[in-house]
**Student:** 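Pasting a structure below so you can have a look.
Sequence lines set the chain letters: A, B, ... in the order given, protein chains first and strands last, and positions in each chain run from 1.
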Amino acid sequence: MKKMKKIRLISMLALAIMVAVGATSCKPKDADIQKAVQTAVAANPDATGVTVAVEKGVVTLTGEVKDEAASMAINGLAAAVKNVKSVVNNMTIAAPLVNPVDAQLIEALKDALKDNPTVVAAVKEGVISLTGEIKKSDLPKLLQKVSALKPVKIDNQLTIK
Amino acid sequence: MTLAEKYSTVIDAAKAGGSTDLQVFEQGGVLHIEGSVPSGDVKDQLWVLYDKVDPNYVTGDLVLNVNTSVVEGGKVKVVTESSNLNIRKGPGTDQPIVGKAAHGEIITLISKANDLWWLVRTNDGEEGYSYAQYLEPVAL
């Protein structure tokens, strides 16, 4: 082969190889993105229950977090990582912890309100809040049942029918 | 005016009605009146007086927990609104029903399991737990 043709052939081959290599190595690997997002998310102490999955640059977050604020913060951390195309937030919010006194009152209220289906009770720090409807004639009996549970206070917001 | 002064009519009526174990204390802006009175009529009267001071009980500054005193082994009357009272295997509405007592029926109190559930026996011999708030002690 003539020298010029040989050089041209080699350089074209080199170019072809470079293009081929370039086409695959410029694309970020999901595994690398996953590692980077994992590290970023771990900076948030509420993220201990969160799992990170990455497919074609799309991050999916699953697991339980303590509240909405934590969910949004963790989502934000993942979205800010380089090469992340988008974040799918499949995290669930944990049910709020109930203190034992409130838990006891909630249990006892189930029995106390069994005959008053139009009455709804909520409990917070020993205070029982009543909402819904009731007849005036039924009110003393209902309040007697609720008072027997020895709440801190009864917040009566019932509508008298 | 203190809360005890505000509800003085209720406290006085309970004492006049024969209560010997009345406890009145104020906690967190709420007055608590606890104890027992000899009859259901006195108890009902307390609630009428409470309603006079705080119509429809909306203020929420009183927890009135005065119950009719009861003797174990004594008689109690079923004071549901109109329906039968369930008698259950255990102290809870999730417990299976083992019998019933009719509205107005007088049955025997065997013992108080706790403040809310009492062990009773009907005249038919059915024995089990009923919700205490639907049982009113009757004078011996």
**Student:** Under 4.5 Å between any side-chain heavy atoms of Leu61(A) and Asn90(A), yes or no?
**Tutor:**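 Of all side-chain heavy-atom pairs linking Asn90(A) with Leu61(A), none is under 4.5 Å.
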**Student:** Counting distance only, does the side-chain N/O of Asn89(A) pair as donor-acceptor with the main-chain N or O of Met91(A) below 3.5 Å?
**Tutor:** yes
**Student:** So what's closer than 4.5 Å to chain B heavy atoms on Lys114(A): side chain, backbone, both or neither?
**Tutor:**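 When you check distances to chain B, only side chain atoms of Lys114(A) fall under 4.5 Å.
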**Student:** Are Asn86(B) and Asn84(B) linked by a side-chain donor-acceptor pair shorter than 3.5 Å?
**Tutor:** no
**Student:** Under 4.5 Å from any heavy atom of chain A, what part of Tyr131(B) do you find: side chain, backbone, both or neither?
**Tutor:** side chain
**Student:** Which atoms of Asp115(B) are under 4.5 Å from chain A, going by heavy atoms: the side chain, the backbone, both sets, or neither?
**Tutor:** side chain
**Student:** Tell me, out of Val146(A), Ile160(A), Asp155(A), who's got the most heavy-atom pairs with chain B below 4.5 Å.
**Tutor:** Ile160(A)
**Student:** Quick one: of Glu107(A), Lys110(A), Lys141(A), who has the most non-hydrogen atom pairs under 4.5 Å with chain B?
**Tutor:** Lys141(A)
**Student:** I need the residue from Lys43(B), Glu34(B), Gln133(B) with the largest number of non-hydrogen atom pairs under 4.5 Å to chain A.
**Tutor:** Gln133(B)
**Student:** Can you say whether Leu64(B) sits under 4.5 Å from chain A via the side chain, the backbone, both, or neither, judging by heavy atoms?
**Tutor:**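 Only the backbone of Leu64(B) comes within 4.5 Å of chain A.
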**Student:** Do Lys112(B) and Trp117(B) have side chains that approach each other closer than 4.5 Å (heavy atoms only, starting at C-beta)?
**Tutor:** no
**Student:** Please identify, among Ile154(A), Asp115(A), Leu139(A), Asn156(A), the residue contributing the most non-hydrogen atom pairs under 4.5 Å to chain B.
**Tutor:**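 The residue among Ile154(A), Asp115(A), Leu139(A), Asn156(A) with the greatest pair count is Asn156(A).
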**Student:** For the pair Asp51(B) and Lys136(A), find out whether any cationic side-chain nitrogen is under 4.0 Å from an anionic carboxylate oxygen.
**Tutor:**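 A salt bridge links Asp51(B) with Lys136(A).
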**Student:** Could you tell me if Lys77(B) and Tyr134(B) have a donor-acceptor pair between their side chains, going purely by distance under 3.5 Å?
**Tutor:** no
**Student:** Between Val66(B), Val30(B), Asp61(B), Thr80(B), which residue shows the highest count of heavy-atom pairs closer than 4.5 Å to chain A?
**Tutor:**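 Ranked by heavy-atom pairs under 4.5 Å with chain A, first place is Val30(B).
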**Student:** Just say parallel, tilted or perpendicular for the rings of Phe25(B) and His32(B), cut-offs at 30° and 60°.
**Tutor:**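 Judged by the thresholds at 30° and 60°, the geometry between Phe25(B) and His32(B) is parallel.
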